[in-house]
Amino acid sequence: MDNEMDSLLETYLFETNSLMNHLDEILLDAEKSKRLTVDDVNEIFRIMHTIKGASAMMEFNSLMTSAHRLEDLFFLIRDRGVEVFDEKCDEQLHHEIFDLLFEIIDFMRSEIEKVENGEALTENIDKYQEKINSYVNKIKVAFGEEAPQQENTAAAPSAPSAEQAFSFPDASPYFLKIKFDEGIGMENLRAFMVINTLQEEGLDFKFYPEDVESNPDTCEAIIHDGLILSFAEKNTAEKASSIVQNMGNISSFEMMIQEAPPVENKSEIHASDSASAPVPEKKPASQGSEVSRSAAPAPHNPPQKQSLISVNLTKLDNLMAIVGEIVITEAMVTASPDIQGIKLDNFTKSARQLRKLTDELQDIAMGIRMLPIAGVFSKMNRIVRDMSQKLGKDVDLTIIGEETEVDKAILDGIGDPIMHIVRNSMDHGIEETVEERIAAGKSAKGHITLAAEHTGSEVVISVEDDGQGVNTEKVLQKAARNGLLTKPESEYSKQEILNLLMMPGFSTNSEVTEYSGRGVGMDVVKKNVEKVGGIVTITSEEGRGMKTTLKIPLTMAIVDGMEISVGESIFTIPIMNIRQSFKVSADEIIQDANRGEIVKRMDEFYPVFRLHELYQIPTEVTNIEDGILMWVETADKSYCLFVDELLGEQQVVVKPLPSYLNSFDVKSAGIAGCTILGNGNISIILDVLNLYQMAQAY
Amino acid sequence: MSTEVSVSAINQELDTLNMSNELSQKYLLFISDGLDFGVKASYIIEIITNHHITPLPLLPSYIKGIINLRGQIIPIIDIRSKMGKMEGEHTNYSCIIVLDINSVMVGIYVDTVSLVADIDESKISPPSPHNKQELVNGMVSMADGKTLFLIDCEKLVEN
């Protein structure tokens, strides 16, 4: 039961969140073109209707009521005609509707967030209701209608009056109205199955819409008005209702009697399965608005049918884990020592086929986790819009490559960093006033470009603005003030100065504004991006703007690694971190007074860390000439690791270490995870950056 | 409607199950450093022997390392060093008991396992006040006169 509620809630949150995002997109587009199209209005209406229904079922009253009010508003607009709205309402009213909508949407989002966190929802939402009502009144005045009188019916259609509007399709005394679970799909066929079952029971009745079996378009009507059965006899109707009661996927059904003064819900029984959450009183009202809607037929877009399903992420993780296992096992079987040296033609042939299939399987499984980055990018539209208004800067956001696909885990990790960079650009990058921009020879309108593209094994995301850029002098002074400099100011190269921006404790703006400078800065961006295995670089030309680039591996689940051994242990170093591997003679190693061993490569000195010393692994290879040096680098750290032996390159499936070990801080010991090798042994994956930090502390 | 009935039926079943459980519980007995220990059988996934353990660097000595159990990575705790004793020699009898403790999987490395016994829970006495072994949460006198120490599994995975 609890589980059922949980999955119900999960579905609710998923659907509502995607609807809200969709809504945001519509509104932003519409605001740009400064008018709502008929399609927009219909779509918003549909979204609000769905959210209202779902929220009612989950008993989230504040969400339901807000959605309901907006639905009313859009019903009004649609009813009077979008053209009329365009015509009669002045600029001011047009502008206001967007502000109003964004405000309500923000409120609804915050409520959804509360649901997600299990907090209590806001009970008093009069403030928002008031706002909508006063707007409704305003446009009514604009339409030349009497506002106050109309308000009652439009803003809050009461149950009885709405029910009276229900039009009975024929003169039978008894009706049964059946509604299916929201969003279940193929409503017409389900309706047909209900009809079929009842006919098999030998019941005599009529049904509406009449062409459910052959006409898939009746889905819409069934979703809105339900499937209507009409009966001549009371007992047949009752018999039918008892049968329907036991059928699945029916959210509600009610019996209605014609000619009984105000139609009452004789029986409103909720089907036993998922709908066991009681549907609150509001139901009749919503039905009422549906009915009156169907009475005034409006061109309705068929909902875009997408062949999408939503799957729990842990299921995908499990799938990925199994696929990883299969890939490894396949290697174990085909490379089994038992069959080495034996000529097995058929086996080799099948083994080759198996390899091909497992490779394909791996690609597909990985593909499932890939999502377009558009979801993250489109949120930036909203941020730029809000900040433009608040800060009084006119800024255009250009989005390139939003269809680029990234692993879901990475997508979750980069949302915040990107948002932070965009905010930074808006707040600090773009010049305060238009005059400044014009004086600098730029267009009055600021530009921010958000781009994503694939380059082989990486996805490159960049945020570029044409603002004032970074003043390296100021950065250096500030860094000096904050005590972040480690060498004389004159020795800093431009790139190094820009990197200072990403040091913890550095924030160029001393004031805390609403949008940025909350004590967190680019260092958090850097940390978050590194968490998903990526790197951040900043380039800037003073007076011309700034560009922040994130380079992130496509997936964290599979890594190209180099296997190395130290004593009995086997380690994996990600190939992307390896610059070179080489042997040295003892006299190439220089003993540095405070840094230990260093080695000179390409005119630069790099520290040498002996892995067996760092990890205290007993090994016979302690002479620097017997082992091998791995020159590794990440972000701005570059150093050499001394290991026993190179074993070879291998693609490995990254497995996290057991959660039990997390409390021992294995991550900061430079261990990123582990992987299972072809022979079943475990190899430890090294995190080159953390290893460096650990070696420094060592 | 129907869900309500089934839930109460399950609850009833659970109640009766609990009652029988109150009387006796199955425990797996193992020996570590000459002492008898017991671990509740309901936690046990399986017992494995001769499994290669991959050591992990820079961890407390009682964590022997990790193993690959059919693709699952499981940390191994050496029960001897966890209890502050010398690490034992690896013998043919040494084995790993794999436990699932509130869905945290760990293996404990023990000298040898002996048998599975039914233990009357009412006979379990609290650990003696002199006992400094925080992993032990109960003692039972066995029929053969030996004393059995019961391992507190939840404590084992607590950090």
Side-chain angles (χ1 to χ4, degrees), chain A residues 1-2 4 245-246 269-274 276 318 321-329 566-571 611-618 653-671 673-677 679-684 686 691 694 698, chain B residues 1-11 14 43 45 48 50-79 81-82 87 90 96-109 153-159:
Chain A
M1 184 65 211
D2 251 10
E4 212 167 82
Q245 188 182 336
N246 292 322
I269 306 155
H270 307 289
S272 59
D273 50 4
S274 61
S276 42
N318 290 343
I322 293 277
V323 170
E325 271 348 290
I326 291 176
V327 171
I328 291 162
T329 316
V566 178
E568 301 266 284
S569 303
I570 297 170
F571 296 92
L611 201 55
H612 68 94
E613 277 179 11
L614 287 180
Y615 282 167
Q616 293 154 13
I617 301 167
V653 180
V654 180
K655 283 179 172 288
L657 286 171
S659 55
Y660 171 75
L661 296 174
N662 285 348
S663 51
F664 298 108
D665 218 11
V666 279
K667 287 258 182 321
S668 60
I671 297 173
C674 59
T675 185
I676 297 167
L677 299 176
N679 57 9
N681 283 345
I682 299 173
S683 168
I684 296 162
L686 295 179
L691 191 64
M694 188 218 130
Y698 178 69
Chain B
M1 226 167 16
S2 55
T3 40
E4 258 186 305
V5 173
S6 65
V7 166
S8 65
I10 291 168
N11 275 333
L14 276 177
Y43 287 122
I45 304 283
I48 47 177
N50 282 327
H51 212 92
H52 177 72
I53 301 176
T54 307
L56 278 179
L58 307 177
L59 287 180
S61 65
Y62 62 82
I63 296 176
K64 278 187 88 74
I66 47 181
I67 61 165
N68 163 24
L69 184 68
R70 291 183 299 276
Q72 258 190 309
I73 308 289
I74 296 168
I76 305 300
I77 300 171
D78 184 358
I79 220 75
S81 28
K82 177 78 183 166
E87 256 179 70
H90 177 84
I96 296 167
I97 307 172
V98 182
L99 307 168
D100 177 346
I101 304 159
N102 306 331
S103 63
V104 178
M105 301 271 279
V106 292
I108 52 175
Y109 189 82
C153 284
E154 315 219 336
K155 201 104 188 184
L156 201 63
V157 291
E158 223 172 67
N159 285 305

Handout entry: Structural part of A:Ile671 lying under 4.5 Å from a heavy atom of chain B
Key = side chain
Practice task
Below 4.5 Å from any heavy atom of chain A, which atoms of B:Ile67 appear? Answer side chain, backbone, both or neither.
Solution key: backbone
Fill in the blank from the handout: From the list B:Leu56, B:Ile73, B:Ile53, side chain to side chain contact (heavy atoms under 4.5 Å, CB included) partner of A:Ile682 resolves to B:Ile73
Practice task
Not counting sequence neighbours, which residues clear side-chain contact (heavy atoms from CB on, under 4.5 Å) with A:Ile326? List them please.
Solution key: A:Ile322, A:Thr358, A:Leu361
Fill in the blank from the handout: In short, B:Pro55 meets A:Ile684 closest at the heavy-atom pair O-CD1, 3.7 Å
Practice task
Write down the atom of A:Tyr660, the atom of B:Val157, and the distance for their closest heavy-atom approach.
Solution key: CE1-CA, 3.7 Å
Problem - B:Thr54: partners by side-chain hydrogen bond (donor to acceptor under 3.5 Å, both in side chains), with sequence neighbours left out - result: none
Problem - Most chain B-contacting option - heavy-atom pairs closer than 4.5 Å, from A:Asn681, A:Ile676, A:Leu657, A:Ile617 - result: A:Ile676
